[in-house]
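What's counted below: heavy atoms across the whole structure, side chains too, no hydrogens, waters or symmetry copies. Just so it is clear, the structure is predicted and the values come from calculations on it, not from any experiment. Just so it is clear: chains get the letters A, B, ... in the order the sequence lines come, proteins before strands, and each one is counted from 1.
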Amino acid sequence: MPDENRLKYDLLVVTGPTASGKTALAAAVALELGAEIISADSRQVYRGMDLGTGKDYSDYIVDGHKIPCHLIDIADPGYKYNVFEYQRDFLKVTAGLKARGVFPVVCGGSGLYVDSVVSGYRMFEVPPDYSLRAELETKSLDELTGMLAGFKKLHNVTDTDTKKRAIRAIEIELFQRREGERQTAFPGMKALITGVLPDRETRRRRISERLRQRLETGMIDEVRTLMEGGLDPEILIYYGLEYKHITLYLTGKVSYEKMVSDLEIAIHQFAKRQMTWFRGMERKGTVIHWIDASLPAEQKKQKILDLLNGF
RNA sequence: GGUGCCAUAGCUCAGUAGGUAGAGCAACGGACUGAAAAUCCGUGUGUCCCCGGUUCGAUUCCUGGUGGCACCA
């Protein structure tokens, strides 16, 4: 790829709602650029969670070339990965790519994860303080909100509308007062952010079609295997969507028919929330270049290459 | 064929002693820096089946249709 592209941007982002065809597009672009992909998907980080997370290894093979992909399959199922860890791991990967002179293409639909790296969230490791949590747990949300209001707020948490969030915010605040700021030095990176955008009807249709197809090709078995491997149903429910609803079915809580319809609705609602997040990012000043998902693959790829070249 | 019951939001249904209506789910909008596939907040989108009648006024009462369900033949 021409060197001037690398000078203009430090990385490319390809995001969009679920089932929009992000991965194949990102892989096609990556091949063109000799780039590697960094996943931004909060569930594809887990090993053995493939069909349910929409992880499709064949998407990374373009014209017989396998595009390397980072930050998938990096945690055991049962683990609770989070944004802080994502940011930390992301920095490790980008440093490695930079050392090798490889351009990074970030691809995924976890909007918070994408934003955490393109906006450079200030985060630092704050270990859980269980005795503090137990103490705060006895207070009401109003009391917790009151405590937070009296704080100077050294960090940027703004949404404390549930007890769990308010408690974590207080925990971070107190830790920082005690230990001083230990913020991750997050380098400023110039990102070209693109998003694949299907119209609402297409988005819904593709989600429904893909769900049916995955149910027919072993998605139930995948969840069953995880359960038989000793994974607590509670954690599967915590993972949400496919894992949650299929677990409820496998443990006899709902019928197969109800599971399928509940799950379909839940995925539609999730896609809608993803779009709300992206609009929120735009409202705060992030520029997202939307690409019509209905265009032929070649045109979508070309559009991104043109944007990278500044056209 | 007869009798009875039902017809109200996308769906399931409530309601109006006659003053044009509201719940749940869905849908839609939003928030969200250690759960983010999570979590939380907000919004009713309507020929009240159709034609007439009574009435100042009918989604509501009455006649007749139409459709559905149940029972009897």
* Base, sugar-phosphate, or nothing: which does K284(A) touch, judged by heavy atoms less than 4.0 Å apart? -> sugar-phosphate

* Under 4.0 Å between a side-chain N/O of Q269(A) and OP1 or OP2 of A27(B), yes or no? -> yes

* Asked: Between U39(B) and T162(A), is there an OP1 or OP2 to side-chain N/O distance shorter than 4.0 Å?
  -> no

* Asked: What is the nucleic acid contact for K272(A), judged by heavy atoms within less than 4.0 Å: base, sugar-phosphate only, or nothing?
  -> base

* **For atom CZ of F270(A) and atom P of A35(B), their distance in whole Å** => 17 Å

* R214(A) bridged to E242(A) by N-O distance under 4.0 Å -> yes

* Expressed as a whole number of Å, how far does the P atom of C13(B) sit from that of C32(B)? -> 40 Å

* Pick base, sugar-phosphate or nothing for V126(A), based on heavy-atom distances below 4.0 Å to the nucleic acid. => base

* Asked: Reckon Y113(A) has a side-chain N or O less than 4.0 Å from the OP1 or OP2 of A35(B)?
  -> no

* **Pairwise P distance for C49(B) and G19(B), with rounding to whole Å** => 16 Å

* Does R204(A) come within less than 4.0 Å of E201(A), counting only side-chain N to carboxylate O? -> no

* Does the side chain of R43(A) get closer than 4.0 angstrom to OP1 or OP2 of A36(B) through an N or O atom? -> yes

* Structure fact -> Taking a pair to mean Watson-Crick or G-U wobble geometry with both distances below 3.5 Å, A58(B) pairs with none

* To do: Select base, sugar-phosphate, or nothing to describe what R273(A) touches, counting heavy atoms under 4.0 Å on all strands.
  => base

* To do: If G18(B) has a Watson-Crick or G-U wobble mate with both distances under 3.5 Å, name it; if not, just say none.
  => none

* Could you tell me which nucleotide pairs with G4(B) by Watson-Crick or G-U wobble geometry, both distances under 3.5 Å, or answer none if nothing does? => C69(B)

* Asked: Rounded to the nearest Å, what distance is computed from the CD atom of residue Q274(A) to the P atom of nucleotide C28(B)?
  -> 14 Å

* Structure fact -> Under a 3.5 Å limit on both distances, the Watson-Crick or wobble mate of U39(B) is A31(B)

* Rounded to the nearest angstrom, tell me the gap between atom CZ in F90(A) and atom C1' in A36(B). => 17 Å

* Asked: Which nucleotide, U33(B), A35(B), G30(B), lies nearest any side-chain atom of L112(A)?
  -> U33(B)

* Pick base, sugar-phosphate or nothing for D115(A), based on heavy-atom distances below 4.0 Å to the nucleic acid. => nothing

* To do: Quick one: label Y81(A) by what it contacts on the DNA or RNA (base, sugar-phosphate, nothing), any heavy atom closer than 4.0 Å.
  => sugar-phosphate

* To do: Output yes when E282(A) and R279(A) qualify as a salt bridge under the 4.0 Å nitrogen-oxygen rule, no when they do not.
  => no

* To do: Considering just the side-chain nitrogens and oxygens of Y239(A), establish if one lies under 4.0 Å of OP1 or OP2 belonging to A38(B).
  => no

* If we take the C1' atom in both G53(B) and G64(B), what is their distance in whole Å? -> 10 Å

* Asked: Side chain of R165(A), base of A38(B): donor and acceptor closer than 3.5 Å?
  -> yes

* To do: Before accepting this row, confirm whether a basic side-chain N of the pair R133(A)/E137(A) lies closer than 4.0 Å to the acidic partner's carboxylate O.
  => no

* Could you pick out which residue, G120(A) or G109(A), lies toward the 5' side of RNA chain B when each is mapped onto its nearest nucleotide? => G120(A)

* Using the P atom in both, what is the distance from A23(B) to U43(B), to the nearest Å? -> 11 Å

* Under 4.0 angstrom, heavy atoms only, what part of the nucleic acid is S119(A) near: base, sugar-phosphate, or nothing? -> nothing

* Under a 4.0 Å N-O cut-off, is there an ion pair linking K55(A) with D73(A)? -> yes

* **Pair R210(A)-T18(A), side-chain donor/acceptor within less than 3.5 Å** => yes

* Asked: In whole Å, what separates the P atom of U54(B) from that of U59(B)?
  -> 15 Å

* Separation of K258(A) atom NZ from U12(B) atom C1', in whole Å? -> 13 Å

* **C1' gap between A70(B) and G57(B), integer Å** => 36 Å

* Once you round it to whole Å, what is the distance between C1' of A35(B) and CD of E171(A)? -> 14 Å

* To do: When you get a sec, tell me which of U33(B), A26(B), A35(B) is the closest nucleotide to the side chain of K164(A)?
  => A35(B)

* To do: Establish, from distance only, whether the side-chain atoms of S116(A) and Q87(A) form a donor-acceptor pair under 3.5 Å.
  => no

* Separation of U39(B) C1' from L241(A) CG (nearest whole Å) -> 13 Å

* Asked: Does K66(A) NZ have over 12 foreign heavy atoms under 6.0 Å away?
  -> yes

* Asked: Taking the side chain of R200(A) as its heavy atoms from C-beta onward, which of A35(B), C28(B), G30(B) lies nearest to it?
  -> C28(B)

* To do: Indicate, with a heavy-atom threshold strictly under 4.0 Å, whether S110(A) touches base, sugar-phosphate, or nothing.
  => sugar-phosphate

* Asked: Does the side chain of R279(A) get closer than 4.0 angstrom to OP1 or OP2 of G30(B) through an N or O atom?
  -> yes

* Asked: Base, sugar-phosphate, or nothing for E242(A), non-hydrogen atoms under 4.0 angstrom?
  -> base

* Residue whose closest nucleotide on RNA chain B lies nearer the 5' end, H268(A) versus R133(A) -> H268(A)

* To do: Could you measure between the two C1' atoms, the one in A14(B) and the one in C48(B), and give it in whole Å?
  => 13 Å

* **Between P of A38(B) and CG of L236(A), the distance in whole Å** => 14 Å

* Asked: Less than 4.0 Å between a side-chain N and a carboxylate O, is that true for R206(A) and E209(A)?
  -> no

* Just name whichever nucleotide pairs with C25(B), Watson-Crick or G-U, keeping both distances under 3.5 Å, else none. => G10(B)

* Identify the nucleotide, in any strand shown, that forms a Watson-Crick or G-U wobble pair with G44(B), with both distances under 3.5 Å; if there is none, say none. => none

* Under 4.0 angstrom, heavy atoms only, what part of the nucleic acid is G111(A) near: base, sugar-phosphate, or nothing? -> nothing

* Structure fact -> Of the candidates A36(B), U33(B), A26(B), the side chain of M123(A) sits closest to U33(B)

* Asked: Mind checking the P distance from G29(B) to G44(B)? Whole angstroms is fine.
  -> 15 Å

* Asked: So what does I267(A) touch, heavy atoms closer than 4.0 Å: a base, only the sugar-phosphate, or nothing?
  -> nothing

* To do: May I have the distance from F278(A) (atom CZ) to A36(B) (atom P), rounded to whole angstrom?
  => 15 Å

